[in-house]
Protein chains: 4
Amino acid sequence: MKKTENGRPASGPGSDKYERILDAAVAVIAENGYFNSPVSAIAARAGVADGTIYLYFKSKDDVLRTAIDTMFERFHQQVTERFETLTGAREQLEYIAQVHLESHTVNRNLAIVMQTEVRQSARFISEFSLHHLARYISLVREIIRRGQSEGIFRQDVSDGVVAHVLFGAMDELLSSALFTGRVYDAKSTAAQVVDMLLNGITPR
Amino acid sequence: MKKTENGRPASGPGSDKYERILDAAVAVIAENGYFNSPVSAIAARAGVADGTIYLYFKSKDDVLRTAIDTMFERFHQQVTERFETLTGAREQLEYIAQVHLESHTVNRNLAIVMQTEVRQSARFISEFSLHHLARYISLVREIIRRGQSEGIFRQDVSDGVVAHVLFGAMDELLSSALFTGRVYDAKSTAAQVVDMLLNGITPR
Amino acid sequence: MKKTENGRPASGPGSDKYERILDAAVAVIAENGYFNSPVSAIAARAGVADGTIYLYFKSKDDVLRTAIDTMFERFHQQVTERFETLTGAREQLEYIAQVHLESHTVNRNLAIVMQTEVRQSARFISEFSLHHLARYISLVREIIRRGQSEGIFRQDVSDGVVAHVLFGAMDELLSSALFTGRVYDAKSTAAQVVDMLLNGITPR
Amino acid sequence: MKKTENGRPASGPGSDKYERILDAAVAVIAENGYFNSPVSAIAARAGVADGTIYLYFKSKDDVLRTAIDTMFERFHQQVTERFETLTGAREQLEYIAQVHLESHTVNRNLAIVMQTEVRQSARFISEFSLHHLARYISLVREIIRRGQSEGIFRQDVSDGVVAHVLFGAMDELLSSALFTGRVYDAKSTAAQVVDMLLNGITPR
DNA sequence: AATGAATGAGAGTTCATTCAT
DNA sequence: GATGAATGAACTCTCATTCAT
C-alpha cells in the first residue's frame, strides 16, 4: 500500500480527504437527514469531486456507517480507559452518563446524526448499531451486577432494566437538548440522574 | 354525498380504504423505513392503485404524519381519560409507563414506525412530533410538581429532568423489546421502573 | 333519442349542461391553458360530476374543439348574413375587421382561448382550425378580387397576401389588447386599419 | 474546468450536447407540441440519457425558454446591426419584414415552435416572450415616428397600430407558409407588404 | 489519485377516462 | 341521465454510481 511521508496510508483512515469526507457527511446529514443528503452535497462540502468519495468509501451508506462506528468506538475506548483508575460503581455510572451527555458539546453534528439516523441505520443500513448499543448496555449491566454483589445496589432489580433505564434517560436528555436547544451542565446533570437512580425521588 | 351504512362518508377517516392505506403504510414503513417505501409498495399492500392513495391523502408524507398523529392522540386521550379516576401521583406515573410499554403489543408495526421515524420526522417532515413529545413530557411534569407540592416527592429534583428520564427510560425499554425481540410484562416492568425512580436502587 | 319538453335533445347542443360545460371549459382553459386544465376543474366550474362531461362530449379534446368550432361558425354566419345588405368592398372589409376586434368584448375568455390554443389545436388536436382560418381568408380574398374587377383596388397586389395581411393585422391587434390590457374602439380601429390598407400611410 | 479545443467550457452554451439538446427539443416540440413532448423523447432525439438534459438545463421549461430566447436575441441583433448602415425608414421596414419571413427558411422547426408555443409561453411558462414581442414592436414604432417627423409618413396614424399591423401581417404570412406549405420569396413578399402599408391598395 | 460528465432506474404525483351504483 | 371513486399509465425530475480522461 502506498504511504504518505508520515507513514499513514494516503487514502485510509487518517488521510486528509478521508477525514474531510467523514466530517462533511456528518455535517450535511445532520442538517438534512441521510436521504435528503445527495452524495454530491457531501462531496461539495468536503471540497472533493463526487467520484472521489468512492475512492475512500464503498458507498454512501459506508460513509455514514463509518462515522457512527468511529463515534461508538471512541466512546467505548474513552470509557474503558477511564475505568482503569475510576473503579467505584456509582462513579463509573456517573462517568458514563457524563460522557454520553457531553457528546452534545464535543461534536454536535455527529450527536444529531446519532439521534436521527442510528435507529434507522440499525434496521436498514445494517444491524451494526444494535451491536454498539448492546456493548453500551453490557458495560452498564456489569457495573450494576458488580454493585449488587458488593451489596451497594438492591438485589431485586434487573440489571438489564437498570441499564436500559440509564441509557434511555441519558439519550432522551441529550436528544431534547439537541432538538429544543435546552442547555445543561453535563457533569451535574449526570450526577443528578445517577443520584435519582440510586436514591429515588421519594423523600426519606 | 355517498354514505356508508354507519353514516360516515365513504372517504376520509373511518372509511375502509382510508384505514387500509394507513395500515399498509405503517406495515411497509415498519419493514423498510420511510424512504425505502415507495408509494407503489404501500398501494400494493393496501390492495389499491397507486393513484388511490392521493384520493385519501395529500402526499406520502401526509400518510405517515396521519398515522403518527393518530397514535399520539390515542395515547393522550387514553391517559387523560384514565386520570379522571386514577389520581395518585405514583399510580399515574405507573399508568403512563404501562401504556407506553404496551404499545409494543397493541400495534407492533406502528410502534416500530414511531421508534424509527419520529425523530426523523421531527426534523425533516415537520415539527409536529416535537409537539406530541412535549405534551407527553408536560403530562409527567405536572404529576411530578403535584407530588412535590404534596410532599411525596423530593423538592430538590427538577420536574423536567424527571419527566425526560421517565420518558427516555420507557422508550428505550420499548425500543429494545421491539428490536431485540425481548419480551416483558408491561404492567410489572412499568411498576418496577417507577419504583426505581421513586425509591432508587440503593438499599436502605 | 330522448327529447325534453321543448323538443330539444336533453344532452345535445342547446341543453343546459352542454352549454355550461362549454362555458366552463372556455373559462378554465382561458385561465390556465388546455394542458393545465384538468377535466375535473372544468366539471367543478360547470357544477357537474367529472363523468358527466363524457355524456356530452367524447373527450376533453372534443370539448375544446366544439367551443372553437362554434365560435368560428358564429363569426362566419354573422358576417355572411350582414353581407346580404352590406355590399361595398370597403364596407365589407371594415365589417369583418370590426367583428374580429369585437370578439375581445363579446366573449373575452373564448377570445383568449382562440389566441392561445387554436394554433396548437390546428396541429395537435386536429386540423379543423386550419379549415376555419381558410374560410376566413377565402371570404376576404373574394372581396379583394371583386374590388379588383370593379377597378377600386389595384390589380398588381395578390388577393391572398392582402387577405393574410388583414387577418394577421386584426389578430395581432386583438392579441395585444387581450394580453396587455390595452383597450380600443373596435369600430374606429377597424376603420383605421382598413383605411391604412386601402390608402397607405404615405402622404399624397 | 475542462475546456474543449476551442476554449469553451464543455457544458453550457456552445458545447456539443447543449446544442444537440436544444435542437432536439425544438424538433420534437415542433412535431408534437410542448405538452406532448416528454423529456425522454427529447433526450432520445438528442442521443443522450434523460438525466443529461438536467445537467444542461434547469427544467423542461428552461430548454424551450432558452431556444426561444436565443431566436429572439438573434433576430434583434441581426436587425440592429444592419440598421447601422441601412437608415431609410422604408428600407428598414422592408428589412425587418424580410428577416421575419426568412425565419421560415433559416430554421423551420424553430419557426414552428415560435408560432405554436410562444403565445402559450407568454401566458403559462413566463412573460418573457411578451418582452421580446414588445421589443420588436418598439423597433417598428421608432421607425414610424422617425418617418412621421421626417414628413414621409402621415401624421394622423398611430405608430402603435402601424407596428402591430406590420408584425401581425408578417407573422400571419409566415404562419400560413409554415402550416400550409405555401412558399414565397421573403424579399419580394416583404417589399410587397411594405409597399401596401405605405401606399395602400387603392389605385391613384 | 482525482475528476465530473454521464447514466438510467426509480421516485412521487397527476389526470383522462371508466363503470358500478 | 348522473355520479365520483377508482384506475394505472405517463409524466418530470433526482441521484448513487461508474469510468474515460
Side-chain angles (χ1 to χ4, degrees), chain A residues 2 4 9-11 15 17 35-44 47-63, chain B residues 1-2 9-11 15-18 35-44 47-63, chain C residues 2 4 9-11 15 17 35-44 47-63, chain D residues 1-2 9-11 15-18 35-44 47-63:
Chain A
K2 205 154 85 182
T4 55
S11 75
S15 92
K17 287 200 175 143
F35 287 103
N36 291 310
S37 297
V39 169
S40 60
I42 296 171
V48 301
D50 294 12
T52 303
I53 304 257
Y54 292 86
L55 298 176
Y56 291 86
F57 300 92
K58 283 204 306 289
S59 65
K60 185 186 168 186
D61 278 10
D62 189 38
V63 181
Chain B
M1 193 190 296
K2 202 158 80 182
S11 69
S15 92
D16 179 39
K17 290 217 170 109
Y18 181 90
F35 287 105
N36 289 310
S37 297
V39 169
S40 59
I42 295 171
V48 299
D50 294 14
T52 303
I53 303 265
Y54 293 88
L55 298 176
Y56 292 85
F57 299 92
K58 285 203 302 288
S59 64
K60 186 187 168 189
D61 275 14
D62 189 37
V63 181
Chain C
K2 204 155 85 182
T4 57
S11 75
S15 92
K17 286 200 175 143
F35 287 103
N36 290 310
S37 297
V39 169
S40 61
I42 295 171
V48 301
D50 294 13
T52 303
I53 303 257
Y54 292 87
L55 299 176
Y56 292 86
F57 299 93
K58 285 204 305 287
S59 65
K60 186 186 168 187
D61 277 10
D62 189 38
V63 181
Chain D
M1 193 193 294
K2 203 158 81 182
S11 70
S15 93
D16 179 38
K17 290 217 171 107
Y18 181 90
F35 287 105
N36 288 310
S37 298
V39 170
S40 60
I42 296 171
V48 300
D50 293 14
T52 303
I53 303 266
Y54 294 88
L55 298 177
Y56 292 86
F57 299 92
K58 285 204 302 286
S59 64
K60 186 186 167 187
D61 276 14
D62 190 36
V63 181

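We name chains A, B, ... by the order of the sequence lines, and we start the count at 1 in each one.
Of all heavy-atom pairs spanning B:Asp50 and B:Ser40, the tightest one is OD2-CB, 3.4 Å. In this structure, C:Tyr56 and C:Ser15 approach most closely via the heavy-atom pair CE2-OG, 3.5 Å.
Using a 4.5 Å cut-off on side-chain heavy atoms (C-beta onward), C:Phe35 and D:Asn36 make contact.
For the pair A:Asp62 CG and F:dT17 P, the interatomic distance rounds to 10 Å; values are reported in whole Å. One can place CZ of C:Phe57 at 13 Å from P of E:dT17, the figure rounded to the nearest angstrom.
One distance of note links CD1 of B:Ile53 with NZ of B:Lys60; it measures 10.5 Å at 0.5 Å rounding.
Map D:Val48 and A:Gly47 each onto its nearest nucleotide of DNA chain E; the residue landing nearer the 5' end is A:Gly47.
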Next item on the list: Report, as a single string ordered 5' to 3', how protein heavy atoms within less than 4.0 Å touch nucleotides 11-16 of chain F: B base, S sugar-phosphate only, - not at all.
Entry: SSBBSS

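For the OP1/OP2 pair of F:dG1 and a distance below 4.0 Å, the side-chain nitrogens and oxygens of C:Lys17 include no atom meeting the criterion. Applying the 4.0 Å criterion to OP1 and OP2 of E:dA1, one finds that A:Tyr56 has every side-chain N and O outside that range.
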Margin query: Once pairs are restricted to Watson-Crick or G-U wobble with both distances under 3.5 Å, how does DNA chain E read as a dot-bracket string, [ ] for crossings and | for other-strand pairs?
Written below: .||||||||||||||||||||

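Considering only residues two or more places apart in sequence or on other chains, A:Phe57 meets the ring pair (Phe, Tyr, Trp, His ring centres under 6.0 Å) condition with A:Tyr18. With sequence neighbours excluded, the residues satisfying side-chain contact (heavy atoms from CB on, under 4.5 Å) with C:Val48 are C:Lys17, C:Arg20, C:Ile21, C:Ala43, C:Ala46, C:Thr52.
In this structure, the nucleotide among E:dT3, F:dG8, F:dT3 sitting nearest to the side chain of B:Ala49 is F:dG8.
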